[in-house]
Every structure is written in C-alpha cells, then in structure tokens.
Amino acid sequence: MKRRALITGLMMAGLMPTIPGSLSDRAEAADDPVRPFDDTTVRRMAREMATKPFSPPDERLPGPLSDLSYDAYRRIQYDAGRSLWRPEGLPFQMQPFHRGFLFRPRVPLFEVANGRAAPIRYDASAFSLGDLGVSVPDDLGFAGFRLTHPLNRPDHFDEVAAFVGASYFRAIGQGHVYGLSARGLAIATAERGGEEFPIFRAFWLQRPQAQGNSMVVHALLDSPSTTGAYRFTIRPGADTVFDVESVLYPRVDMPTAGIAPLTSMFLLSPLDRLGTDDYRTAVHDSDGLMLSTGRGEAVWRPLANPRELQVSVFADANPRGFGLMQRRRSFRDYNDLEARYDRRPGCWVEPIGDWGEGAVHLVEIPTKEEIHDNIAAFWRPRTPLRAGQEYSFVYRLHWASAAAFPGGGRPPPAQFEEASQGAKLGTAGARLFVLEAKGGRLGALPEGAKPVLDVSASVGRVLNPLLQRNEETGAWRASFELVPGNERLIELRALLRDEGGPLSETWLFRWTP
C-alpha cells in the first residue's frame with residue numbers, strides 16, 4: 001500500500017460503530033455466531049439502519065497501534081500461510097488488514113457458505129506484531145482485507161484487490177501495480193462545507209467455487225447522510241472487472257452525491273509541468289478523464305495539477321461510460337523504476353442501464369507531492385437523492401491498461417496519445433500546443449487526404465492551427481498557438497474531422513497561467 005490522503009479531507013475518516021440488532025452484531029454473539037444470509041440480507045440491514053440516526057464510531061485502539069507511523073503500519077504483515085481458503089486449494093484467498101495508523105475502525109468480516117454467514121475471528125498470532133511492544137486484545141478485529149488469485153502465473157497468488165479505509169477499494173489486472181482507487185460513494189466532494197466520507201461497516205465474502213474465476217463480496221455502507229448495500233462480483237484477468245450492484249437509502253436529501261467515484265494522483269506531465277523540478281517527464285496514476293457520452297461523443301480531458309482548486313462539470317444524459325485512464329504506457333514516459341507508473345491501471349466506469357440526467361464531475365486539487373491523491377471523478381444525478389427513498393445504481397468497473405473504451409463493441413475514434421505545451425518564442429505570453437492523434441478512421445485515410453483541425457478557445461486567441469501527418473510515428477500532429485492576453489482561465493477544444501464527420505475524440509483542456 002502507498003500512503004495517500006485526498007487533500008479535501010481525511011481520506012480514511014469514518015470509523016466502525018456497532019450496529020445494534022443487526023446481523024453483524026448478532027453474529028458476534030458467542031451463543032449464536034452463524035446466521036442465515038442471502039442476497040437480500042445486506043439490503044434489509046441498510047434499509048433498517050436508514051430509519052435510525054447515524055451512530056458515531058468508536059475509534060479506540062491501544063496506544064502503540066493508534067500512534068503508528070505509515071512505515072511501522074506497513075511492517076504488520078499477515079501470515080500468508082494462514083490465508084482463508086488456502087487449505088481448500090480454492091482459486092481465491094483472503095488476508096485481513098490489521099487495525100492501526102489511519103485504519104482505526106473495527107470492520108467485521110464474515111464468510112458466507114451454504115446460505116450461512118459465519119464471523120471470521122481475529123487472531124493476533126497470524127500477524128507480525130512482535131516488535132510493536134503492545135498487548136493486543138483477543139477481539140481487536142480487522143480494518144479490511146485483500147484478495148489474492150493466480151493472476152500472472154498459475155503457481156503464484158498475486159494480490160488483485162484490497163478493501164480498506166472508509167469506502168475505498170482498488171484492484172489490478174495482469175502486469176499492473178496498484179494506482180488509483182475507487183470508492184463506494186462520495187458526498188460533498190470539494191464543497192465549501194467539507195466532504196463526508198461514507199464507510200463500509202462490514203463485509204461478507206462468499207466462499208469461491210473450486211473451479212470458478214470470480215467471487216462475490218457484499219458490503220454495508222453507512223454515513224450521516226445515507227446507508228447502502230453493495231454487491232461486488234470480482235473477475236480477475238488481463239483487465240480485472242468488478243460488477244457493482246449498489247442500493248442507497250438516504251437519511252437526508254443528498255444534492256451532492258457522487259456515484260461510482262474514482263480517486264487518483266496527478267503531479268506533472270509534458271502538458272503541465274510549470275514550476276516543477278523533476279528528472280521525470282511525467283508523474284501520475286492517471287493522465288486523463290475519458291468520457292463516452294449518451295450522445296455518442298468521445299471526449300478526452302487531460303488532467304492538470306492546478307494552482308487553485310478546479311472543478312469541471314460535464315453535463316450528460318444516460319452516459320455510456322467515464323473513467324480516469326493511464327494512456328502513457330512506456331517506461332520511458334516516466335523513467336521511474338520504483339513507482340512504475342507505466343504499469344498502473346486506468347479505471348473505466350460502465351453504467352448498466354439508464355442513469356438519467358446528471359453530470360460527470362472532475363475535481364483537480366493542487367499538490368506538490370505525489371503521495372497525495374488530488375484527483376476525483378464521479379457521476380452526480382441532476383435530481384438530488386431524497387430522504388426515505390431507494391436508489392439503485394448498477395455499473396461495471398474495468399481496471400484496464402487499454403486507453404480505448406474497455407469492453408466496448410463500437411470502433412473507437414482516433415485518440416490523442418500525446419500532448420505538450422511550451423512558450424511560443426517571439427510572441428510575448430503565447431503558448432504553443434502540440435497534439436498527436438492516432439487510430440480509428442484517421443489511421444486509414446488514403447494518401448493525399450486532408451483532414452481538418454477544428455480548434456477553439458473560450459477566450460483569448462488561437463493562431464496558426466496546423467495539421468500534418470507524422471511519418472515517424474504514423475500519427476497526425478496538430479499544433480496551434482494560444483495568445484491568452486490577460487485571461488486567467490481558458491477552455492480549449494480540438495477535434496479532427498473530414499466531410500464524413502469527426503475523425504477523433506474531442507480534446508478538452510483548461511489552461512491557467
């Protein structure tokens with residue numbers, strides 16, 4: 001795990017309160033630890049909890065665990081030989097995370113098999129706690145869990161997913177290392193009143209099938225504003241896929257709910273490195289927001305590390321998908337042997353069914369260090385979620401390498417694979433932008449074809465647009481000059497087209513000095 005904190009607030013806020021009368025509360029009782037469980041159980045719990053006030057969490061921990069540094073917490077390792085389902089030789093194994101550092105809440109874990117849910121008991125001897133010098137209670141409990149699976153080779157169990165901290169989780173596909181995260185729900189992200197961080201209060205892990213390549217995890221979400229029931233079907237592979245079924249039960253009206261939220265890091269790239277002094281060309285977990293709108297438009301919005309907080313809103317109806325993607329895939333793009341940003345996945349959100357009217361929100365927060373998650377993206381319904389109602393959102397998460405629409409069936413347009421900017425010599429204050437697009441119908445144009453570069457700016461002036469084929473890369477290179485004058489914020493838009501219509505996705509960028 002890498003230490004990350006969303007700058008808008010404490011990323012791991014929210015701890016584990018008790019759930020009076022609930023399944024998790026009753027299952028911990030010594031006289032009857034095993035309870036019936038089916039696909040409606042967590043929904044019933046969430047619906048019942050929503051009728052009662054939010055119960056503040058109990059964050060008490062023994063002093064040494066409460067005061068752990070990040071590095072000290074990382075030294076607490078679970079004995080892989082005692083992983084759940086290892087003795088049975090099942091295709092998935094589970095290892096719990098210990099409580100400590102930022103991960104203070106006690107999060108009950110249950111194994112579900114044959115229609116029954118049994119608590120997974122805490123055992124301090126399964127963790128490497130020897131050098132902490134702390135007496136650990138027998139019932140201290142867990143902070144979350146990781147799943148392992150033979151992802152990259154059949155004789156080794158790789159970590160493929162982890163659920164720990166608030167409602168955060170992340171996953172990888174083949175050849176990946178951990179990068180961006182997803183969350184169960186975002187509330188009031190980047191709002192003046194401060195962000196609310198819902199928490200996963202308990203997890204139920206269905207015992208995987210002996211010959212299966214998927215497993216199911218249920219989660220109970222809670223916060224002052226809402227409760228929720230989540231069902232994750234996890235399928236590891238070249239692209240690891242999560243099918244997410246979520247049902248929310250708001251306690252109060254929620255005008256600032258963020259559905260299918262993603263959280264990432266962006267520090268610098270060739271398009272945004274003003275004021276940086278770094279040997280690396282790029283440092284980021286994601287380099288752009290990709291959209292596939294309900295109108296059929298493909299959009300690419302490169303990320304930025306702004307000087308001030310930025311929120312961009314992309315209105316839409318029934319979106320086909322959105323995601324924070326990592327397009328730059330060469331080691332030479334980063335030259336970082338430790339972080340390996342070239343191996344970090346993007347995450348594409350594919351709505352299942354119609355989500356109606358709303359908008360994709362992109363939040364970009366200034367940061368000077370790559371240890372901070374400073375990017376967030378999510379879907380916000382146009383109509384606020386109302387107290388006492390039930391709302392269902394079903395979607396698929398693709399943890400993917402491909403920059404094209406993962407899992408899509410329609411031919412993608414040409415994509416802008418490269419973008420950079422610099423000072424335009426000879427014109428005071430002017431900026432020169434250079435983009436390269438490749439693929440789709442653009443790549444099949446015959447010799448002598450003359451596509452058009454359509455570029456515009458919300459304010460300021462655009463000069464000398466030029467489009468030419470790059471024989472060295474097989475791409476089409478577009479360039480233009482921006483003269484901002486006294487403007488402090490300019491929205492740029494570029495598109496390649498011919499008489500048949502768009503040849504490329506729409507490239508958007510918010511320029512600030």
Side-chain angles (χ1 to χ4, degrees), residues 4-17 46 49-50 52-57 59 102 105 165-169 180-201 219-230 244 246-266 289 303 306 308-316 319 322 324 347 349 355-367 372-393 395:
R4 289 285 171 78
L6 186 64
I7 300 174
T8 49
L10 288 177
M11 175 174 166
M12 304 309 171
L15 305 173
M16 176 64 196
M49 286 172 55
K52 303 173 183 177
F54 176 73
S55 177
E59 61 179 355
L102 295 177
S167 68
Y168 285 79
F169 59 96
L180 81 168
S181 301
R183 288 190 271 170
L185 185 68
I187 301 176
T189 302
E191 298 291 328
R192 291 184 180 275
E195 183 163 7
E196 179 179 317
F197 289 85
I199 57 176
F200 283 141
R201 299 181 63 152
L220 176 65
L221 181 134
D222 194 17
S223 82
S225 295
T226 189
T227 66
Y230 285 71
V244 184
S246 65
V247 184
L248 301 176
Y249 300 93
R251 288 186 169 102
V252 298
D253 290 351
M254 293 200 301
T256 60
I259 308 301
L262 305 175
T263 302
S264 192
M265 180 277 294
F266 180 92
L289 171 69
L303 297 178
E308 299 177 351
L309 171 70
Q310 291 189 162
V311 179
S312 302
V313 178
F314 305 89
D316 199 3
F322 67 92
L324 294 174
C347 189
V349 180
W355 281 10
E357 294 185 344
V360 173
H361 288 236
L362 173 65
V363 178
E364 297 164 302
I365 306 168
T367 185
H372 298 299
D373 275 335
N374 63 318
I375 303 295
F378 50 85
W379 171 261
R380 179 169 293 170
R382 180 178 179 181
T383 302
L385 306 187
R386 299 298 184 187
Q389 302 299 307
E390 177 181 293
Y391 297 90
S392 176
F393 297 93
Y395 53 96

* To do: Kindly compute the distance separating CG (L221) from OH (Y249), expressed to the nearest 0.5 Å.
  => 12.0 Å

* Asked: Given side chains that start at C-beta, do those of L220 and M49 come closer than 4.5 Å, heavy atoms only?
  -> yes

* Structure fact -> For L185 and G258 the tightest heavy-atom approach is CD1-O, 3.3 Å

* Exercise: identify the closest heavy-atom pair between G194 and A188 -> O-CB, 3.6 Å

* Heavy-atom side-chain proximity of L385 to T226 below 4.5 angstrom -> no

* What's the spacing between L362 CG and Q310 CD if we round to 0.5 Å? -> 8.5 Å

* Asked: For the atom pair CD1 (I375) and CG (L289), what is the distance rounded to the nearest 0.5 Å?
  -> 10.0 Å

* Heavy-atom closest contact (E364 atom, S312 atom, distance) -> OE1-OG, 4.5 Å

* Measure from the side-chain N and O atoms of S246 to the backbone N and O of F393, and report whether any donor-acceptor pair falls under 3.5 Å. => yes

* If we only count heavy atoms from C-beta on, is the V363 to L309 side-chain gap below 4.5 Å? -> yes

* **Interatomic spacing from CG in L324 to CG in L180 - rounded to 0.5 Å** => 6.0 Å

* Heavy-atom check, side chain of V349 versus side chain of I259, under 4.5 Å -> no

* Could you verify whether a donor N or O on one side chain and an acceptor N or O on the other, from E196 and S223, lie under 3.5 Å apart? => yes

* Please check if the distance between the ring centroids of F314 and F322 is under 6.0 Å. => no

* Side chain to side chain, T367 and F266, heavy atoms closer than 4.5 Å -> no

* To do: Could you pull out the closest heavy-atom pair between G356 and P319, with the gap in Å?
  => O-CD, 4.3 Å

* To do: Locate the shortest heavy-atom distance separating F169 from R183; write the atom from each residue and the value.
  => CE2-C, 3.7 Å

* How far does CE of M265 sit from CG of N374, to the nearest 0.5 angstrom? -> 7.5 Å

* Asked: With under 30° as parallel and over 60° as perpendicular, where do the rings of W355 and Y395 fit, or are they tilted in between?
  -> perpendicular

* Asked: So do the side chains of S167 and Y230 get within less than 4.5 Å of each other, counting heavy atoms only?
  -> no

* Structure fact -> Tightest non-hydrogen contact, residues A257 and P381, listed as O-CD, 4.0 Å

* About how many Å separate CG of L248 and OG1 of T227, when rounded to the nearest 0.5 Å? -> 8.0 Å

* Pick one: which of E195, H361, R380 meets side-chain hydrogen bond (donor to acceptor under 3.5 Å, both in side chains) with T189? -> E195

